[in-house]
Amino acid sequence: MNEHYEPQAIERDVQQQWEAARAFQVSEEPGREKFYCLSMFPYPSGRLHMGHVRNYTIGDVITRYQRMLGRNVLQPMGWDAFGLPAENAAMKNGVPPAQWTYDNIAYMKMQLKSLGFAIDWEREVATCSPDYYRWNQWLFLRMLEKGIVYRKTGTVNWDPVDQTVLANEQVIDGRGWRTGALVEKREIPMYYMAITGYAEELLADLDTLPGWPEQVKLMQKNWIGKSHGVRVGFPYDLRAAGPTSSPSPLEGEGRGEGATGGTIPEQGILWVFTTRADTLMGATYVAVAAEHPLALHAAKSNPELAAFIEECKKGGTTEAEIATQEKKGMATGLFVKHPLTGEKLPLWVGNYVLMGYGEGAVMAVPAHDERDFEFAHKYGLPVKTVIRTSADAVSVPWQEAYAEHGTLINSAQYDGLNFEQAVDAIAADLSAKNLGEKKVTWRLRDWGISRQRYWGTPIPMIKCAQCGDVPVPDDQLPVVLPEHLVPDGSGNPLAKSPEFLNCTCPKCGGAAQRETDTMDTFVDSSWYFFRYCVPGAEVMVDERADYWMPVDQYIGGIEHAILHLLYSRFWTKVMRDLGLTRTREPFANLLTQGMVLNHIFFRKGAAGGIEYFPPDEVEVSRDEQGKIVSVKARADGQPVEYGGIGTMSKSKLNGVDPQALIEKYGADTARVFMMFAAPPEASLEWNDSAVEGIYRFLRRIYGFARDNREALVRGREAVDALAQATGAQKDARRAVHENLRQALGDFGKYQFNTVVAGCMKMLNALTDLKADAGPQAAHEAVIAEGFSLLLRLLSPIAPHLTQHLWSELGYGSDILTAAWPQVDEGALQRDSIDLVVQVNGKVRGQISVPAGADKAAIETAAIADANVQRFVEGKAIAKVIVVPGRLVNVVVKG
RNA sequence: GCCCGGGUGGCGAAAUUGGUAGACGCAAGAGACUUAAAAUCUCUCGGCCGCAAGGCCGUACCGGUUCGAUUCCGGUCCCGGGCACCA
């Protein structure tokens, strides 16, 4: 053994052994229990950041733990290789996204290997490879056949200067990030996947996932958002719309760019959905989205309204922006009829009504809905109270109680009914008039997958002037994405590439053009875990996937709690319905790792663009409380804005590269440090100041083995000598086993920070034991037993050092195949037990009682304690509570 | 704005889920060893009072339930994640 712990040499050596033994390559073994341990694959952004190290270390620790428990463990790895950052890098550096991506993969793969993860690299998948994305295309076509994929219009962010569609991330304060131009909403045709067809099952099957965090299931449930309500029809008649309405059918034609610009019937029904049909008698107006056909119709003869609708097109498309923007509206001059009373209600356009959600129209009951209440007060619309709640709904400001369920009032024949009765009665009456029925709706919307971008899976469709949109035949798959193009920020380079664009129509053989939209990258990540199971398959999946699936443990960031996990569940169910798998749910157990956060610094450019600064390139001044007051860039000394703390990301440049850490201290230190810093599910503000302590801990383990080498070798053989242990030796052995018991429990709960703490305590117990505290043979047996337990317990977290020492001490050639440690119950026994004594809940003393003492003896001993007497003396003892093994509480009066 | 989490010493955290708040570690301070440095070892380390024994306060804030609350309940503030085109 070397005098000093040299992690680089040890790690190189151990990794070579694993490599030579192909230690982590696995195959299907039908008789053996399998365990599929999967970490979310990385986007190859350039270098690993600490969030990756945390994610993959957790996955690797679980992999090695399950392996030591005897299971056939698969841990694969791959690359979520399509996406926006590659295009941004391409624009910046003039390098094709493909080249940038493959370079990043090569570097990050080297980093992952240096961390010593037990990965079966034979199964590596990159989603930008035609062998992978051809199955995106293939399944897309199957879904098209089944009607699960369909076409309709959707809203996108449009940069009028670059003439390009922007991602939400590229819109900053309503402006394009590169041009600073005010972004507009635009309606374009897109392909959709009908995930709403699976809403019921996606909701119900959450109950079949006991291994998922409640938090995540609740988020998904709320996202799917099943609601029971009533669809209500408000009849309208444009001929009776009043003096302002004399629309010329030609006037204004062609200005509405929306696809809904067609004519609408003069008489019809405006449908809305409500979960509060009981308040229908309190509806005082109806509001539609700016893009609603009735709004567009009214705008033809009303320039002011047309201008307002134009204005509504400004601003972002995200729900957050719409929910926080100032609520604005304008009367259309049109009216609709209340379906029950026949009353004339004004029709308004509201910027808070979304065309893509529900019917694009809402009935407004200002007395019992907060948003309607505000809107009505702003525009002087009437408020009619129709529910008796714990507060009368008449005053400004709004009170939450106004929205409660209650008894109907001012509602004619419905007066006195409660919520359920009122909904039933009103739904029945509407139904009799063909103006409504009960209906279940979902908050979940269908998944728009078309992206007007280059670096993604080409959508396998051909546009033919004769035949329309024609699917690419299976035998022409994959539609290969050319890899040499460089985007320039103005639209999709595929649309400017004749070699990609021009093709022949599979139907008529005439000249045609390819669809240039690519798929949302969430498609790529919705089924990659199937592909890992079937390396080299000539089909999408084969029977090998039936052995491995479902994933037994999935690990990834909490930020994926909804979208990625929901899309993956949806795709799995579609694959099942197509007969490709038996799996109903892809992930049996889910661990949502907390985010690794760091400070964010940025500067806004003159054009409105935004420039981020890495935390190590700025100078920060703080006040006495440690709050950041000012920041300067090191490079130019000019001020920089502080953006708070947030998740480490490529785009915000606040990621910390683990490479320096690994090079200085080795992979084991990086791994143990990451696990010790916080429990896996907690978020973690990055700070590497404690890393020295971890290095010190590993060095102490190494030093203990070096200094006690012979004793550790001999003691391992002399198990019988454990029985001779006396006094301090017994105490040390008890401490080892007590901490082992706690650590094994925490291992099972995947609470690795306290596992590491337990390992430290075990080492402390062993190092504190004096060599002359009892018989030498017993000493050697105690430290050898404890050290061998410690090495095995720690091996999933620090695999290199523990493997090295395991073989150095001759405990075995391969710690991977060693038995998982077990507690010796005999070592835990105590002669006496320490109890805390409280008086009225405050600690006043400590007593030690024999292990078998009964309640009466404990009470007597507790009250006899000198300090306890000071507080009990002269007072009546009301009762004494004894919590076995913990404490005694003496309750006194007066 | 809506949905989901979180808030404990100077710092990361722990607490068998209602039973000694601060284990384990970092940082800091004092000391030992050393020509010196590094490494290592010993001690102190939530605040206030006290020579000490010990006492009072303390788990974001306000209130409640309980013999006993970091833990349960009601309310407030702050921070993080998501909000459908970042992945």
Side-chain angles (χ1 to χ4, degrees), chain A residues 4 40 42-43 45 80 83-85 154 156-157 165-171 213-216 218-219 221-223 225 317-325 352 356 370-371 443-453 520-522 525 557-564 566-567 592 594-595 597 626 644-647 649-652 676-679 681-685 687 689-694 696-697 699-700 703 739 742 745 753-754 756-761 764 834-844 846 867 870 878-881 883 885-892:
Chain A
H4 297 293
M40 289 180 187
Y43 177 79
S45 55
D80 188 13
L84 200 55
V156 294
N157 304 304
V165 175
L166 297 179
N168 286 336
E169 189 188 56
Q170 299 172 313
V171 180
E214 287 304 320
Q215 175 202 157
V216 174
L218 191 54
M219 280 193 268
K221 186 181 172 214
N222 292 338
W223 184 265
T317 54
T318 69
E319 194 186 301
E321 275 176 282
I322 289 158
T324 50
Q325 74 188 353
Y352 63 93
E370 183 167 12
R371 200 171 51 186
R443 206 189 80 96
L444 182 67
R445 309 202 295 263
D446 279 343
W447 175 15
I449 60 145
S450 295
R451 297 291 179 270
Q452 297 67 46
R453 271 191 263 288
D520 181 3
T521 56
F522 273 122
S525 55
I558 183 69
E559 76 274 24
H560 294 293
I562 295 175
L563 291 179
H564 162 61
L566 194 63
Y567 291 144
T592 46
M595 313 284 343
L597 309 173
I645 55 172
T647 155
S649 80
K650 176 79 177 172
S651 60
K652 293 181 181 137
F676 186 58
E681 305 208 318
S683 59
L684 176 60
E685 218 173 298
N687 178 357
S689 67
V691 75
E692 280 286 346
I694 296 300
R696 203 173 295 154
F697 167 58
R699 221 161 42 206
R700 284 180 62 213
N739 285 306
Q742 169 250 308
N753 57 327
T754 48
V756 175
C759 290
M760 289 172 170
K761 291 184 209 175
N764 291 346
D834 294 331
L835 294 177
V836 159
V837 186
Q838 299 181 333
V839 179
N840 288 350
K842 288 188 183 261
V843 177
R844 299 299 181 192
Q846 284 218 338
N867 199 49
R870 287 177 48 210
K879 59 175 160 177
V880 180
I881 294 154
V883 182
R886 296 227 153 256
L887 58 66
V888 183
N889 189 13
V890 182
V891 184
V892 297

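Values in this document were obtained by computation on a predicted structure and should not be read as measured data. Here is the naming used below: chain letters follow the sequence lines, and residue numbers restart at 1 for every chain.
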Could you tell me which nucleotide pairs with B:C33 by Watson-Crick or G-U wobble geometry, both distances under 3.5 Å, or answer none if nothing does? none
Do A:Thr318 and A:Val171 have side chains that get closer than 4.5 Å, going by heavy atoms? no
With a 4.5 Å cut-off on side-chain heavy atoms, are A:Asp520 and A:Trp447 touching? yes
Quick one: look up who B:C83 pairs with, Watson-Crick or G-U, both distances under 3.5 Å, and put none if it's unpaired. B:G1
Steps toward side chain to side chain contact (heavy atoms under 4.5 Å, CB included) verdict (A:Ile694, A:Met760): CA-CA 10 Å; A:Ile694 296 300; A:Met760 289 172 170; 3.8 Å; yes
Mind checking the P distance from B:G22 to B:C86? Whole angstroms is fine. 47 Å
Looking only at heavy atoms, which two atoms of A:Tyr43 and A:Gly83 are closest? And how far apart? OH-O, 3.8 Å
Shortest non-hydrogen separation from A:Leu835 to A:Gly885 and the atoms involved: CD2-C, 3.6 Å
Is B:A21 paired to anything, Watson-Crick or G-U wobble with both distances less than 3.5 Å, and if yes, which nucleotide? none
Looking only at atom C1', what distance separates B:A15 and B:U71, rounded to whole Å? 10 Å
Whole-Å distance separating the NZ atom of A:Lys761 from the P atom of B:G25: 9 Å
Indicate syn or anti for B:G9, taking the glycosidic torsion and treating anything within 90° of 0 as syn. syn
Any strand is fair game: report the nucleotide pairing with B:A39 by Watson-Crick or G-U wobble, both distances under 3.5 Å, or none. none
Pull out every protein N or O sitting under 3.5 Å from an N or O of nucleotides 5-12 of chain B, one pair per line with the distance.
residue	atom	partner	partner atom	Å
B:G12	O2'	A:Ala677	O	2.4

Measure the NZ-CD distance between A:Lys221 and A:Glu214 for me, rounded to the nearest 0.5 Å. 10.5 Å
Within a strict 4.5 Å, meaning less than it, do heavy atoms of the A:Val156 and A:Thr317 side chains meet? no
Tell which nucleotide pairs with B:A53, taking only Watson-Crick or G-U wobble pairs whose two distances are both under 3.5 angstrom. none
What is the per-nucleotide protein-contact pattern of nucleotides 82-87 of chain B, from the 5' end, where B denotes a base atom under 4.0 Å from a protein heavy atom, S denotes such proximity for sugar-phosphate atoms only, and - denotes neither? SBBBSB
When the P atoms of B:A69 and B:G18 are compared, how many Å lie between them, rounded to an integer? 14 Å
If the P atom of B:C61 is compared with that of B:G10, how far apart are they to the nearest Å? 13 Å
Sticking with atom C1', work out how far B:A38 lies from B:G54, rounded to a whole angstrom. 43 Å
So, is B:U17 syn or anti if syn means the angle is within 90° of 0? syn
When rounded to the nearest Å, what value does the distance between P atoms of B:C57 and B:C62 take? 14 Å
With a 4.5 Å limit on heavy-atom distance, are the side chains of A:Ile558 and A:Val216 in contact? yes
Non-hydrogen atoms of A:Gly841 and A:Asn889 that approach each other most closely: N-OD1, 3.0 Å
For B:A84 versus B:C79, give the span between their C1' atoms, rounded off to a whole number of Å. 25 Å
Inter-nucleotide P distance (B:U44, B:C24), Å rounded: 12 Å
Of all heavy-atom pairs linking A:Thr754 and A:Gln742, the shortest is O-NE2, 3.1 Å
Please report, rounded to the nearest Å, how far the P atom of B:A23 is from the CG atom of A:Asp834. 18 Å
Heavy-atom contacts, protein to nucleotides 43-57 of chain B, under 4.0 Å, summarised as B (base), S (sugar-phosphate only) or - (none) per nt, yield -----------SSSS
Can you check nucleotides 67-73 of chain B for protein contacts, nitrogen or oxygen pairs under 3.5 Å, and list what you find?
residue	atom	partner	partner atom	Å
B:C67	O2	A:Asn889	ND2	2.4

Compare every heavy atom of A:Gly557 with every heavy atom of A:Met40, then report the nearest pair and how far apart it is. SD-N, 3.9 Å
Students often get this wrong, so: under 4.0 angstrom with heavy atoms, is A:Gly646 touching a base, only sugar-phosphate, or nothing? sugar-phosphate
Tell me the partner of B:A27, counting only Watson-Crick (N1-N3 plus N6-O4 or O6-N4) or G-U wobble (N1-O2 and O6-N3) with both under 3.5 Å; none if nothing fits. none
Under 3.5 Å for both donor-acceptor distances, Watson-Crick or wobble: does B:A14 have a partner, and if so which one? none
In the strands shown, is B:G63 matched to any nucleotide by a Watson-Crick or G-U wobble pair with both distances under 3.5 Å, and which? B:C73
With nearest nucleotides of RNA chain B determined for A:Asn753 and A:Leu597 from heavy-atom distances, which residue corresponds to the more 5′ nucleotide? A:Asn753
Atom CD of A:Glu370 to atom P of B:G1: distance rounded to whole Å? 10 Å
Between P on B:A27 and CD1 on A:Ile694, what's the gap in Å once rounded to a whole number? 11 Å
Could you check if a side-chain atom of A:Asn764 sits within less than 4.5 angstrom of a side-chain atom of A:Arg700, using non-hydrogen atoms only? yes
Should A:Leu597 and A:Thr647 count as side-chain neighbours, where that means a heavy-atom distance under 4.5 Å? yes
At under 4.0 Å between heavy atoms, what does A:Arg696 touch on the DNA or RNA strands: base, sugar-phosphate, or nothing? sugar-phosphate
Could you check if a side-chain atom of A:Leu84 sits within less than 4.5 angstrom of a side-chain atom of A:Gln170, using non-hydrogen atoms only? yes
Sequence neighbours excluded, which residues qualify as salt bridge (Lys or Arg N to Asp or Glu O under 4.0 Å) partners of A:Arg453? none
With sequence neighbours excluded, tell me which residues meet ring pair (Phe, Tyr, Trp, His ring centres under 6.0 Å) with A:Phe522. A:Tyr567
Considering every strand and a 4.0 Å limit on heavy-atom distances, what is the contact class for A:Ala690: base, sugar-phosphate, or nothing? sugar-phosphate
A:Glu321 CD to B:G1 C1', in whole Å, measures 12 Å
Whole Å only: how far is the CE atom of A:Met760 from the P atom of B:A13? 15 Å
Measure the distance from CD on A:Gln742 to P on B:A14 and round it to the nearest whole Å. 11 Å
Qualifying residue, where the test is side chain to side chain contact (heavy atoms under 4.5 Å, CB included) with A:Gln838 and the options are A:Leu887, A:Ile881, A:Val891: A:Leu887
